[in-house]
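Before any comments, here is the structure.
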Amino acid sequence: MFHFLEKRIAEAFAARIQALYGVNGALQGPVQTEQPKQASFGEIALPAAFQLARQLKKAPKAIAAELSNAVGTIEGVAGIEIAGNGYMNVRLDRGYYGYALLSEREAPGTRAEAEKVIIEHTNINPNKAAHIGHLRNAILGDTFVRMLRAIGRNVEVQNYIDNTGVQVADVVVAFEHLEQKSPAEVRALIQTTRFDYLCWDLYARMSNYYQDHPEALEWRKATLHAIEAGEGATAELAHLVSDAIVRTHLATMYRLNIEYDVLPRESEILHLQFWARAFELLKERKAIYFETEGKNKGCWVMPASAFREGSEDEDDSKVIVRSNGTVTYVGKDIAYQLWKFGLLGKDFYYRQWHTYPDKHEVWASTSDPQTGSPPFGRAARVYNVIDSRQSYLQDVVVAGLRALDYTAQADASVHFSYEMVALSPRTCVEMGIELSDEDKKRPYVEVSGRKGLGVKADDLIDKLIEKALEEVTSRHPDDPEDQRRRVATQIAVGALRYFMLKYTRNSVIAFDFAEALSFTGETGVYVQYAAIRARKILEKLKERGETLPDFRAELTRESMARQLADERLWQAVLMASKADAAIEQAVTSGEPAHVARYAFQLAQTFSTFYQDFPVVTETNPEKKTFLLWMTDYFRAQLEHTLGVLGIDVPEYM
RNA sequence: GCGCCCGUAGCUCAGCUGGAUAGAGCGACUGGCUUCGAACCAGUAGGCCGGGGGUUCGAGUCCCUCCGGGCGCGCCA
């Protein structure tokens with residue numbers, strides 16, 4: 001609603017500016033609107049007079065006066081005031097606004113656009129358990145998906161599986177050479193053990209082994225070769241390991257309400273010759289060339305000038321095909337990116353991989369011809385959720401598209417980057433990780449999968465659930481265990497998702513157990529609590545034998561105006577009505593943290609309202625009906641916003 | 001050496017395309033549960049927005065420069 005009025009006002013002023021000062025007036029595009037610094041100034045501020053002042057060589061204040069007089073009446077606006085030296089502050093008609101909210105349609109943005117947006121996230125190497133860094137990726141990606149869907153976009157969620165890379169190979173090497181396991185024995189381990197945890201340790205052991213026995217790297221080489229060829233016991237083992245680990249990753253993410261649509265796998269990119277096709281295209285369009293001298297002699301390279309401004313140095317060129325004829329990771333990624341836009345002229349086959357309890361299906365790529373799968377790929381826009389350390393490689397991928405003259409697709413390729421999750425020194429100590437004196441002085445310490453240092457995702461979730469369970473049990477000692485555990489799980493997930501979302505993307509998170517486990521202050525738990533308190537009021541009403549009024553029948557524009565004359569109530573309603581505006585703006589800025597912030601502010605506003613206005617005991621009938629409407633409205637907005645954040649509202653807390 | 005990111009209250013962080021008196025949470029200190037549950041609310045203290053130049057009506061925000069910290073820059077992924 002707020003968003004809608006804001007647009008209407010901006011348009012009215014834009015039209016007036018054109019009429020008064022001509023089409024070539026100072027302002028191009030929409031007229032800017034802002035939030036006044038002080039609530040007492042009104043609801044919407046327009047700084048347009050400042051921008052016009054320079055070009056018209058006139059005092060801002062005079063322009064503002066002229067404009068606000070000329071603009072006439074705008075539906076829903078009560079008045080315009082000139083403030084400071086040229087601000088135009090708009091006051092909304094409170095009765096109009098409140099009454100409009102009452103009849104507002106649910107979810108106006110459910111139009112499914114034909115244009116598809118692909119979001120690729122998670123992308124964990126399928127060779128060991130997920131850790132907290134992966135959680136940031138998946139939660140950020142999933143929340144962005146929810147934000148886009150909330151404003152009506154058609155989104156496809158991809159989770160790329162690198163099942164043929166070095167990391168998987170190393171675990172396979174460990175099983176074959178260190179553990180002497182046959183595929184059948186590994187199969188048994190998958191059934192009977194916490195397999196992702198087992199591999200976590202095994203991978204760390206293997207990395208150590210390479211350090212002490214460099215000759216063992218020959219094993220890796222042979223294993224990679226066998227995996228790529230796709231035949232024999234080694235290849236079977238690799239598939240066994242990676243498929244089993246992918247299942248554990250999907251299970252971990254499902255605990256956090258994260259689901260996927262399709263799992264494109266590297267093995268199919270190889271077997272279906274995606275790269276061969278991309279290679280032809282790149283050669284044809286001269287995007288890469290064969291180097292005949294220097295350090296990259298014998299390789300196909302992309303010149304540095306393609307992805308790095310001003311760099312002509314051939315030493316900075318990026319190798320795409322090695323001198324032994326094999327393709328690098330970036331090369332495969334270019335092929336994959338082309339496929340996402342439907343530019344490769346090839347497609348995967350798909351098989352059903354898993355069905356979630358809500359009946360949603362995940363499909364995985366396969367090289368065996370299949371029919372009956374939904375269509376995947378062919379997007380108009382692609383977001384790759386990948387941490388900022390890989391920005392160089394992402395630049396090369398986009399440069400590849402550009403060099404092929406796919407300019408529009410290059411522009412529609414977004415590296416949705418974020419900074420890493422490190423560990424606070426205090427948390428390292430708690431976990432028994434030894435720190436050098438140098439590390440102790442740092443604000444954070446980087447985790448290392450190779451060394452097996454890091455916090456496993458499931459361990460963190462378990463820890464959060466146990467802590468939440470203690471809290472729930474202390475409040476509801478007599479409730480059945482499964483019920484308390486269900487509630488505790490929802491609280492834990494809310495806390496974790498909010499924790500990962502409250503930081504903006506380019507801030508490094510120094511993970512600290514004490515902070516992540518906090519259930520007070522700016523947390524997901526606080527927001528959940530507010531939603532529950534709103535529900536409680538409505539439940540209390542029923543307990544008293546009263547029913548929820550028909551608000552649209554009982555509340556009029558006049559009664560809205562009377563009630564909203566109270567500044568505290570007006571500000572609260574205003575805040576609650578800005579959910580869609582907040583989500584829209586967060587999509588534009590690509591910052592899920594903005595939605596999290598808004599959710600917290602909304603909850604804060606409601607908590608204050610809760611404290612100040614007893615609802616069910618209100619004696620004035622009109623006021624009581626109004627307060628009940630407000631409560632119900634806040635409940636809906638809190639639930640809606642939490643839904644976008646992927647956070648459930650527990651039945652109680 | 002080159003590129004990207006960060007530096008705002010004791011700590012952890014917001015601050016949307018430049019806009020009015022720079023905001024939260026935690027921690028500290030005061031108060032508030034016989035009331036729709038206090039996982040809460042009200043209040044106090046705490047800031048040369050890393051330093052210095054510049055751009056303009058106006059800079060935490062843009063430009064330059066210096067200082068401090070992080071991450072990239074492989075025929076690894």
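Below, chains carry the letters A, B, ... as their sequence lines are ordered, and counting in each starts from 1.
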Check: protein-nucleotides 29-35 of chain B nitrogen or oxygen pairs below 3.5 Å:
none

Pairwise N/O distances under 3.5 Å, protein to nucleotides 44-47 of chain B:
none

Close N or O pairs between protein and nucleotides 54-58 of chain B (under 3.5 Å):
residue : atom : partner : partner atom : Å
B:rC57  : N4   : A:Arg54 : NH2          : 3.4

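Residue contacts for A:Val472: at a heavy-atom cut-off of 4.0 Å it reaches a base atom on one of the strands shown. At the heavy-atom level, A:Val508 lies under 4.0 Å from the strands shown only through sugar-phosphate atoms. Residue contacts shown for A:Glu515 are limited to sugar-phosphate atoms, with no base heavy atom under 4.0 Å away. Counting any heavy atom pair closer than 4.0 Å across all strands shown, A:Asp395 reaches no nucleic acid atom. Nucleic acid contact for A:Gln601: none, since no nucleic acid atom lies under 4.0 Å from a heavy atom of the residue. Within the nucleic acid shown, A:Ser388 has no heavy atom closer than 4.0 Å to any nucleic acid atom. A:Ser589 comes within contact range of no nucleotide atom at all, as no heavy-atom separation falls under 4.0 Å.
Under the side chain to side chain donor-acceptor pair (under 3.5 Å) criterion, the residue pairs touching residues 595-612 of chain A are A:Tyr526-A:Ser607, with sequence neighbours excluded.
Applying the side chain to side chain contact (heavy atoms under 4.5 Å, CB included) test to A:Glu591 and every residue at least two apart in sequence or in another chain returns A:Thr504, A:Arg505, A:Ser589, A:Ala593, A:His594. For A:Thr122, the side-chain hydrogen bond (donor to acceptor under 3.5 Å, both in side chains) partners two or more places apart in sequence, or in a different chain, are A:Tyr260. In this view, A:Val321 and A:Trp275, A:Phe279, A:Trp300 satisfy the side chain to side chain contact (heavy atoms under 4.5 Å, CB included) rule, not counting sequence neighbours. Scanning for side chain to side chain contact (heavy atoms under 4.5 Å, CB included) contacts around A:Ala516 gives A:Phe499, A:Phe511, with sequence neighbours left out. For A:Asn137, the side chain to side chain contact (heavy atoms under 4.5 Å, CB included) partners two or more places apart in sequence, or in a different chain, are A:His121, A:Val385, A:Tyr418. Every side-chain hydrogen bond (donor to acceptor under 3.5 Å, both in side chains) that A:Asn163 has, sequence neighbours left out, goes to A:Ser267.
Under 3.5 Å, the side chain of A:His476 and the base of B:rG37 form at least one donor-acceptor pair of N or O atoms. Applying the 3.5 Å distance criterion, the base of B:rA77 shares no donor-acceptor pair with the side chain of A:Asp333. A donor N or O paired with an acceptor N or O is found under 3.5 Å between the base of B:rC75 and the side-chain atoms of A:Ser323. With hydrogens and angles ignored, no donor-acceptor pair closer than 3.5 Å exists between the side chain of A:Arg597 and the base of B:rA24.
Both A:Ser607 and A:Gly298 lie near RNA chain B, and the one whose nearest nucleotide falls closer to the 5' end is A:Ser607.
Other residues, nucleotides and ligands contribute at most 12 non-hydrogen atoms within 6.0 Å of the NZ atom of A:Lys61.
Of the side-chain N and O atoms in A:Tyr329, none sit less than 4.0 angstrom from OP1 or OP2 of B:rC75. Considering only side-chain N and O atoms, A:Arg475 lies nowhere under 4.0 angstrom from the phosphate OP1 or OP2 of B:rG37.
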Reading 5' to 3' through nucleotides 1-10 of chain B, protein heavy-atom contacts under 4.0 Å coded B for base, S for sugar-phosphate only, - for none: ----SS----
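In this entry the distance linking CG of A:Asn125 with C1' of B:rA77 reads 7 Å, nearest Å.
Between the side-chain ring of A:Phe41 and the base of B:rA20, a stacking contact exists by the 5.5 Å and 30° definition.
When all heavy atoms of A:Val172 and A:Ala238 are compared, the closest pair comes out as CG2-CA, 3.6 Å.
At a non-hydrogen distance threshold of 4.0 Å, A:Val525, A:Tyr526, A:Tyr529, A:Arg533 from residues 524-535 of chain A come into contact with RNA chain B.
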